[in-house]
Amino acid sequence: MIVVDRVAELRDRCDAARRSGQTVGLVPTMGYLHEGHRSLIRAARADRDLVVTTIFVNPLQFAPDEDLAGYPRDLSADTAAAEAEGVDVLFAPSVPEMYPEPTLTTVHAAGLTEGLCGATRPTHFDGVTTVVAKLFSIVGPCTAYFGRKDFQQLVVVRRMAADLNLPVEVVGCPLVREPDGIAMSSRNAYLSPEDRERATGIFAALRRAADAVAFGERDPGRVRDLVEEEGARHGIDFEYVEARRAADLAPLDTLDGDVVVAVAATVGDARLIDNVTMQIAGAEVFTDLGVITVAEQESNR
Ligand code: PAF
């Protein structure tokens, strides 16, 4: 594995790989790599010849009152993890290397970035799309891998790539959970043992949503109430609970087809996001928490 901190060197290496007929896969991260990131790297490794992983805590996607300064960082552990997963090029630039001048140009995906996390983080997604567009432009990947935990980010990046005709396939990889159900996130490092216990309530609340839908609930408002009720039982006060169409985050009157129930909550010092995706086909409901059918549920009663 080669560790690179210069844009020009990364670009040269990726150009050379493509010229020699290699395919390039990109896994953009902000570091503090956990099993979720490692699963993205493994997906890239399985698909592509040259795997590039980037580690860059992007200041543009943090508001002034957010956790940029305290965001967890551990470049030596990240280097070891990336090497163990078979990354070819690890790109860990400084802020001046990525932004030699204050950027005058940003990428904005209208509409999609306004609700859910965008409601309380109005500048966040512009920071994400801008840095991801820069990384796509430097690396020129044919495939880029993003986790489905950041579901809105995935939809936004996919739409940016489509709108701008960027020649990259954006792949969404499964959300990875800790054994207690908590979605893996670098920000879990902020949780005290008590907060961590409380944070399991987020998963319990999403399970409640999945179970309710499996039993036939199709009213998004009712599902939201159940999630909030279950969260409250665990001391979780959700910032938002939204049931949306998975493809484009459109609001729904009735839950049907591919749906995401997405939530955010602050637990202690950590703002956590999580979601469950569901494919609803008649009475059968497939979720990424497992396949649940009404018949199965009833036989388990
Ligand atoms: O998901 C993240 O870690 C970041 O938002 C990303 C995509 C690496 C852009 O900074």
Side-chain angles (χ1 to χ4, degrees), residues 4-5 7 10 25-41 43-44 51-63 66-75 77-78 81-82 85 87 89-95 97-99 103 105-109 112-113 116-118 120-139 141 143-161 164 166 168-176 183-190 262 264 270-275:
V4 170
D5 60 7
V7 167
L10 178 62
L26 170 66
V27 181
T29 81
M30 296 206 301
Y32 214 66
L33 301 181
H34 51 65
E35 190 50 35
H37 298 114
R38 292 176 77 134
S39 72
L40 305 180
I41 298 172
V51 174
V52 178
T53 295
T54 66
I55 293 185
F56 180 61
V57 182
N58 172 35
L60 219 60
Q61 67 191 71
F62 290 78
E66 291 181 350
D67 57 340
L68 173 63
Y71 194 84
R73 292 164 167 88
D74 189 343
L75 186 56
D78 288 348
E85 295 298 347
V87 168
V89 182
L90 184 69
F91 179 54
S94 65
V95 172
E97 181 65 16
M98 282 302 278
Y99 298 109
T103 189
T105 308
T106 56
V107 180
H108 174 65
L112 276 182
T113 57
L116 289 85
C117 288
T120 49
R121 306 187 76 194
T123 57
H124 169 69
F125 288 109
D126 288 4
V128 171
T129 42
T130 302
V131 81
V132 170
K134 282 162 75 76
L135 293 171
F136 285 179
S137 152
I138 298 164
V139 173
T143 318
Y145 300 81
F146 292 82
R148 291 215 299 254
K149 180 181 75 73
D150 298 285
F151 200 88
Q152 187 175 15
Q153 168 173 282
L154 172 64
V155 174
V156 166
V157 168
R158 236 186 218 143
R159 181 59 188 254
M160 170 190 77
L164 300 181
L166 303 179
V168 54
E169 182 196 357
V170 175
V171 171
C173 297
L175 187 157
V176 180
M184 289 209 175
S185 164
S186 305
R187 289 190 168 99
N188 290 348
Y190 301 150
R271 181 179 179 278
L272 303 175
I273 58 173
D274 202 341
N275 67 78

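Remember, it's 1-based here, ligands and their atoms both numbered in the order they're listed.
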Open item on the list: Closer than 4.0 Å to some heavy atom of Thr29 - which atoms of ligand 1 meet that?
Closed with: 8 (C)
- [ ] Within a distance under 4.0 Å of any heavy atom of Val131, pick out the atoms of ligand 1 and give their elements.
- [x]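 That gives atoms 9 (C), 10 (O) of ligand 1.
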TODO: Would you mind checking which non-hydrogen protein atom is closest to atom 1 (O) of ligand 1, with the distance to 0.1 Å?
DONE: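 Here the closest protein heavy atom is Gln153 NE2, 2.8 Å.
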Open item on the list: I'd like to know if the side chain of Asn58 pairs up with that of Tyr99 as donor and acceptor (distance under 3.5 Å, no hydrogens or angles considered).
Closed with: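 Tyr99 and Asn58 do have a side-chain donor-acceptor pair below 3.5 Å.
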Open item on the list: For Asp126 versus His108, what's the shortest heavy-atom pair and its separation?
Closed with: OD1-ND1, 2.7 Å
Open item on the list: Check this for me: does any side-chain nitrogen of one of Glu66 and Arg121 sit under 4.0 Å from a carboxylate oxygen of the other?
Closed with: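 Here Glu66 pairs with Arg121 in a salt bridge, since their nearest N and O are under 4.0 Å apart.
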Open item on the list: Whether Arg187 and Asp67 form a salt bridge (side-chain N of Lys/Arg under 4.0 Å from carboxylate O of Asp/Glu) is what I want to check.
Closed with: yes
Task: Selection from Lys134, Gln61, Met30, His124 by shortest heavy-atom distance to atom 9 (C) of ligand 1 - done: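 Residue with the shortest heavy-atom distance to the ligand atom: Gln61.
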